[in-house]
Protein chains: 2
Amino acid sequence: MTPPVKRRPSGHHHGDLRNALERAALELVAEKGPHGFSLNEASRRAGVSVAAPYKHFADREALLAALAVTGYREQRERFAGAVSALDDPADQLAAFAAAYVRFAAERPALFDVTFYAGLDKARHPELAEAGDALLATLLPVAARITSGESAAFDLLLRISSAAHGLAVFLRQGLFGVAADALEETAHRAAHTARALIADAKSSAA
Amino acid sequence: MTPPVKRRPSGHHHGDLRNALERAALELVAEKGPHGFSLNEASRRAGVSVAAPYKHFADREALLAALAVTGYREQRERFAGAVSALDDPADQLAAFAAAYVRFAAERPALFDVTFYAGLDKARHPELAEAGDALLATLLPVAARITSGESAAFDLLLRISSAAHGLAVFLRQGLFGVAADALEETAHRAAHTARALIADAKSSAA
DNA sequence: ACCTGAACACCGTTCAAGT
DNA sequence: ACCTGAACACCGTTCAAGT
């Protein structure tokens, strides 16, 4: 039997304060929204002083940025999974669009932190990198449909922005999109993706 | 010559503190982003005590909600203008999509407050109303293209979410969309709208 | 009716000090 | 190396009091 990890030598921590803080932060966002997160409250939940986080994160924003990187990474994994499960590139992009909406619905706190925490990309280059990695995963798929790299980027941007818009509407209940209309909205994203693919093909012809 | 309005009887205000606070708030958001706004700083800029705003707004969120209503209203005006300048419904919806992107680029602070301030619609029914008013302006246009109210709503939702996604990407510099690529992005939104219209027509046929 | 002054709990951040 | 304790400026909000 593994010993319980509850006791920690007072004055030190259990060795993974960084992760504990990230988890507490995500909890807080889930409970009170991206604005309800405070470093002090997260410290309290992790059982440390309010000064402790500064040994692991430069400031409040840096913790959020770390979570956002996690968000991008999980998106990339989901998208890669959706792509690798199919063969036809149009099917793959439609699945990507649906997965985008599903990510927002199934990981709402992570989605909000990643896209709604007001993180400045210029101040957090890791975010730009994570975003580029996402793009790099999908670009080859789009390139199998279009002729030319530029057209592939264009198509991918259109599908992504349409999926993002639907994901945001779903998250915020905008435009009459009910928060529980996940399947309908995911289907809508896939449908839109197919329409944009058809348009890209007819433009190329 | 109209007398300068600078002097105010100390102890009272110039009579429009509410507006002065809203302007100061929008200034702050423009300067430091939607999270950089504080009621105290806005009070300072308006030249009143930190308690004064509470005679005009229930709390910090209520001020933001008032600004968001302004945002929806200005959007509606812009969209109505784009629609009334044209005759063909497809042209009108394409112009609407382009205007959506332009609003984000030309009124960034207002766009951010309206969509990125984390306002809870359940707690601010005025927001839901303003959003519905927007929808009501565009629905008849979409209905001229589709057969049936439900299909019109569907088409409008697709065009709006695509435009919203592009607007967000432009505002946040996501997905390689440069912040200064306004015309290109507006054109992209219009193009996407036309593709979705074509798809709606072919689905109906 | 509209505003001030003072107060409270809370937050982000810093820094010297402890182990 | 990693954390605490105490401190600072700042914030949202309340309330009694002033005119």
Side-chain angles (χ1 to χ4, degrees), chain A residues 5-29 31-68 113 117-120 123-124, chain B residues 5-29 31-68 113 117-120 123-124:
Chain A
V5 204
K6 283 201 172 175
R7 289 278 145 262
R8 42 183 186 260
S10 86
H12 287 69
H13 198 264
H14 44 73
D16 202 5
L17 178 53
R18 190 185 163 91
N19 257 300
L21 286 170
E22 290 191 16
R23 265 201 312 276
L26 214 50
E27 254 182 54
L28 280 167
V29 172
E31 287 171 23
K32 327 192 206 176
H35 308 280
F37 153 68
S38 96
L39 217 40
N40 285 13
E41 175 71 19
S43 302
R44 230 169 281 132
R45 296 203 180 186
V48 296
S49 81
V50 296
Y54 290 88
K55 290 289 152 184
H56 299 269
F57 301 97
D59 52 24
R60 190 194 121 106
E61 239 189 55
L63 200 167
L64 290 173
L67 285 176
V113 168
L119 294 168
D120 189 1
R123 294 168 82 86
H124 299 281
Chain B
V5 203
K6 285 203 169 174
R7 291 276 145 266
R8 40 182 187 259
S10 85
H12 288 70
H13 197 264
H14 43 72
D16 201 5
L17 179 54
R18 191 185 162 91
N19 257 299
L21 286 169
E22 290 192 14
R23 265 201 312 277
L26 214 51
E27 254 181 52
L28 280 167
V29 173
E31 288 171 24
K32 326 193 207 176
H35 308 280
F37 153 68
S38 98
L39 217 40
N40 284 14
E41 175 71 20
S43 303
R44 232 169 279 132
R45 296 203 179 185
V48 296
S49 80
V50 297
Y54 291 88
K55 289 290 152 182
H56 299 269
F57 301 97
D59 52 24
R60 189 195 122 105
E61 237 190 58
L63 200 167
L64 289 174
L67 285 177
V113 169
L119 294 168
D120 190 1
R123 294 170 82 86
H124 299 280

What pairs of nitrogen or oxygen atoms, one from the protein and one from nucleotides 6-9 of chain D, lie under 3.5 Å apart?
none

Closest non-hydrogen atom pair between [X] and [Y], with its separation:
X: B:L64; Y: B:A117; value: CD1-CB, 4.3 Å
X: A:L63; Y: A:F37; value: CD1-CZ, 4.2 Å
X: A:A66; Y: A:E22; value: CB-OE2, 3.7 Å
X: B:A25; Y: B:A42; value: N-CB, 4.5 Å
X: B:L119; Y: B:V113; value: CD1-O, 4.0 Å
X: B:H56; Y: B:R18; value: O-NH1, 3.0 Å

Establish, with yes or no, whether the OP1 or OP2 oxygen of [N] is under 4.0 angstrom from a side-chain nitrogen or oxygen of [X].
X: B:N40; N: D:dC10; answer: no
X: B:R18; N: C:dA1; answer: no
X: B:H56; N: C:dA1; answer: no
X: A:S49; N: D:dG5; answer: no

Could you tell me the separation between the [atom1] atom of [X] and the [atom2] atom of [N], rounded to a whole number of Å?
X: A:R44; N: C:dC10; atom1: CZ; atom2: C1'; result: 8 Å
X: A:Y54; N: C:dC11; atom1: OH; atom2: P; result: 12 Å
X: A:D16; N: D:dA1; atom1: CG; atom2: P; result: 18 Å
X: B:L39; N: C:dT4; atom1: CG; atom2: P; result: 13 Å
X: A:F57; N: D:dC3; atom1: CZ; atom2: P; result: 11 Å
X: A:R45; N: C:dC10; atom1: CZ; atom2: P; result: 14 Å
X: B:L21; N: D:dT13; atom1: CG; atom2: C1'; result: 15 Å
X: A:K55; N: D:dT4; atom1: NZ; atom2: P; result: 12 Å

#### Entry: Minimum-distance nucleotide to A:E41 side chain [options: C:dC11, D:dT13, C:dT14]
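Output: C:dC11.
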### Query
Just how far is it from atom CG of B:L21 to atom CG of B:L39, taken to the nearest 0.5 Å?
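Going from the CG atom of B:L21 to the CG atom of B:L39 covers 7.0 Å.
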### Task
Just do the side-chain contact (heavy atoms from CB on, under 4.5 Å) check on B:R45 and B:L28 with the steps written out, would you?
CA-CA 10 Å; B:R45 296 203 179 185; B:L28 280 167; 3.6 Å; yes
### Task
Flag the pair A:R23 and A:E27 as a salt bridge only when some basic side-chain nitrogen lies within less than 4.0 angstrom of an acidic carboxylate oxygen.
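Salt bridge absent between A:R23 and A:E27.
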#### Entry: Dot-bracket pairing map - DNA chain C, Watson-Crick plus G-U, both contacts under 3.5 Å, | cross-strand
||.|||||...|||||.||
